[in-house]
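Here is the naming used below: chain letters follow the sequence lines, and residue numbers restart at 1 for every chain.
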Amino acid sequence: MDILKQIITLIIFPGGLFLFVLGLVYTWINRKLIARLQNRVGPRWFQPLADIAKLLTKEEIVPGEGNAVLFIGLPIVALAGVLTAALYVPIAGLPPAFSFPGDLIAALYLLGLLTLCTGLAGTNPPGRYSLVGVTRTLTQFFSYEAPFLLALIGPAIVTESWQIGEIVASTGGRWLVLTQPVTFIIALVALMGKLEMPPFDAPEAETEIVAGALTEYSGRGLALFYLGRNVELVVGLALIAALYLGGFANPLAFFAKTLALLVLIAFTEVLVTRLRIDQTVGLWWRYGTLLAVIQLVVIVIGRSFFP
Amino acid sequence: MQPQKTEQFTVPIGPQHPALKEPSSFLISVDGEVVTNAIVRLGYAHRGIEKATESRTYVQNLYLLERICGICSHIHGTAFAMGVERLAGVEVPPRAQAIRLIIAELERIHSHMLWLGVGAHQGGFDALFMFSWRDRETVMDLLESISGNRVNYSANVLGGVKFDLTAAHIGDILKALDYLEERTHHYLKVVTTDASFLQRTRGIGTMTRHQAEVLGAIGPTARASGVLRDVRIEAPYGAYVDHPVTTITDDRGDLEARFAVRIKELFESYRLIREVLDDLPPGDIKTRVKRKIPEGEAAFRVEAPRGELFYFIKSDGTDIPSRVKVRTPTICNMTSVVKLAVGHQLADVPMILAGIDPCFSCNDRMVRVNRNNGSDGWTWEQLRQHGIEYYKQRSQDYDPLVVG
């Protein structure tokens, strides 16, 4: 019975299938919002699903050069990483499916796996177009990953726990965004960078290098990468909402809070011009990381003086 | 530590590439993200239009030449028609000239709005792209209601224009101009104040006044570098003689200046259309032009939305021209792109390219130089053999391929 329950947790709810559906729905909401804000009609509700279904039915061309096992394996690892990370995050208002002390750090690294796999995929085999994309993907990865980590460590320090479930429980519904607004914004913007959304879409800018690191991918591999990105959107939003917006009392709160964050993201995507890669790096290291560190120092000092 | 000698990494963009809307080839050498060299190869959309004019009558050619460019079709027709009228010695009625001016300025509005969207899209500011193209529909609808077509309006006939402007048309135009003017003020504010957009345009692709003169830049691209080069002022034609244009120039020469100049030119177009509509001369809209054009040569210059457009027409006394030569503005500005791209980031190249408002299909011409050395060009078979050798050198062997 216990095994059956675990299998359901992994494959159907809240992991696996449920996350796929949620990822596609959230992606659609994002695309539709952007379209409406830009005075366009936007896609119909099944468009993200249709995109994935189309890619899955297409032939996957494995390049002759390069490692075929790696080529096929990387998208699977990327998706698996994101799905595993989801298990430690409270999805749909339920407590995390699995939990251990320090799972916050594990989840953050698992979320980074998608970008790392994208980077590796672009160098196997090394093509001209994908190499330019890889350079940008990894440069961007190294610029937002540190502030993203720092931003999510803030709540952990306040609640003195490295376990996502415990952090959420001990905030007891308090909105940490009120006390740590800077790191909240940094976390949200870094999530956009992770997902290569505009204005951080230089690694796959369609007017410059088009597909970026995933140039060689066509069928199933591309679909899995896209799916991974869709799921990461949900997991990232859930993580930020759980840590900063006072956790989720019920499924309704989950949807309300994550969707509110999605609207914020959509507005930013529409309003800001794409940043060049040097501007992205400058933004994160000059302002993002610095502000996050200052915020952390303030928290640490504040806690030692007013425990 | 010895400085490492890096191998040159070249990113080929084109001839076929999803980022290009028209075929052309750019070989961009980069060192990391910085462009070290750029080579442009044109000629992938050569359509043989100049040759085709030599087997069509003047009237037929009018419609053929309009199709050189989908965006500035009217100005091509105007340049050709005015050249032929000069050869035929025909005086075009003032009302026809005024209508030609109005259509040309409406076309300029439509072209600049289109460019604003493309420029914003290249920089990754899609909201501005979508909104400027939405407002461009206003002027497209206007042109459709006047001429019946959204592009290729066919307003010109030899000796005048095809249709008259009714009172209803004039009312529509004035109403649309008010709306567009309000929107244009907003766009000018956006491109000159939006911090994130300025990051991508200010100080990027700066062309000094000297460079613009040396590289032979024309049109709004040259005017953004402070070079006053506008055929409407240098050699006024048609109704521009009576309705002078004030040229907008900018001394900064960067992408921001090109955005500002083009948007400010929109205000000038609005003013000019209102001025001409205010005292639209009465009378006929066309005169008769004989089918056979007297022998002679005529060169005619007009100001297309992208810059100077040049037409050379040679007549041998029949109803078919013996030579028509067209030079579109893009070819003059193309050298500046290659020059300006060096030293910038790869991400800036699409914006620098879009900054000149390129139209690849318009500019592709073929010139054969006769050097009197007995060479008689290549036969089809020789050309085919050369192609096979060329691709073999690039390690692509198409020899075993059987076509058909």
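Your options are B:T10, B:V11, B:L128, and the one with the most heavy-atom pairs under 4.5 Å with chain A is B:T10. Put simply, of A:R274, A:E269, A:R40, the one with the most heavy-atom pairs under 4.5 Å next to chain B is A:R274.
With salt bridges taken as basic N to acidic carboxylate O contacts below 4.0 Å, none links B:D254 and B:R202.
Interface remark: B:Q345 contributes side-chain atoms only to the contact with chain A (heavy atom separation under 4.5 Å). Contacts of A:L37 with chain B are made by backbone atoms alone, with heavy-atom separations under 4.5 Å and no side-chain atom involved. In this structure, no portion of B:L353 lies under 4.5 Å from any heavy atom of chain A. For chain A, the nearby part of B:E33 is the side chain; its heavy atoms alone come within less than 4.5 Å.
Between B:H17 and A:Y129, the distance from one ring center to the other falls under 6.0 angstrom. Aromatic ring centroids of A:F200 and A:Y144 lie 6.0 Å or more apart.
Between B:C72 and B:C69, the sulfur-to-sulfur (SG-SG) separation does not fall under 2.5 Å.
Remark: B:R136 is positioned above the aromatic ring of B:W133, its terminal NZ or CZ atom under 6.0 angstrom from the ring centre and at most 45 degrees off the axis.
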